Amino acid sequence: QVHLVESGGGLVQAGGSLKLACAASGSMADIREIGWYRQATGKERELVARISVSGRATDYADSAKGRFTISRDNAKNTVYLDMNSLKPADTDVYYCNAVEYASASAVTAKYWGQGTQVTVSS
């Protein structure tokens with residue numbers, strides 16, 4: 001049982017920046033990765049970036065490469081998404097996702113936060 005709470009969303013002008021935070025709590029022993037996804041109205045949820053708990057592996061959507069940076073602070077059980085050079089197309093609800101593994105290759109559960117709204121104006 002893992003609880004995720006996102007924060008840091010808001011309204012920003014195109015070209016600006018936001019820093020999202022995902023605070024995790026609960027049974028984290030088997031959580032291996034945490035990621036950020038986004039979903040606009042009428043669209044499917046899609047990956048933005050993800051990071052292993054170790055911090056040694058990251059993955060970014062093509063649209064995020066060079067603009068967004070995912071990082072983690074394990075001491076605070078928090079994962080961040082630094083968003084720079086924001087565009088109106090980045091307007092979405094952003095969700096935090098934590099993935100639980102029974103082994104190195106067996107996913108047993110996925111947990112989601114409630115989301116935080118990011119709106120980029122032109």
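These numbers come from a predicted model, not from an experiment.
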Donor-acceptor pairs are to be reported for all side-chain atoms of residues 19-28 against protein atoms at under 3.5 Å, with residues two or more places apart or in another chain.
none

Qualifying residues under side chain to side chain donor-acceptor pair (under 3.5 Å), relative to Ser121, sequence neighbours excluded: none
Those residues that, when tested against Asn74, pass side chain to side chain donor-acceptor pair (under 3.5 Å) (two or more places apart): none
Phe68: partners by ring pair (Phe, Tyr, Trp, His ring centres under 6.0 Å), with sequence neighbours left out: none
Atom pair OH/CD1 of Tyr60 and Ile70 - distance to nearest 0.5 Å: 6.5 Å
Cluster check Met83, Ile51: I/L/V/M/F/W/Y, side chain < 4.5 angstrom: yes
Short side-chain donor-acceptor distance under 3.5 Å, Tyr94 and Glu6: no
same_hphob_cluster(Val93, Trp112) at 4.5 Å side-chain heavy-atom cutoff: yes
Contacts of type side chain to side chain donor-acceptor pair (under 3.5 Å), residue Arg67, not counting sequence neighbours: Asp90
Partner of Asp92 under salt bridge (charged side-chain N to carboxylate O under 4.0 Å, His left out), chosen from Arg45, Lys87, Arg38: Arg38
Side chain to side chain donor-acceptor pair (under 3.5 Å) partners of Thr69, counting only residues at least two apart: none
Side-chain donor-acceptor pair present, Glu33, Tyr101, cut-off under 3.5 Å: yes
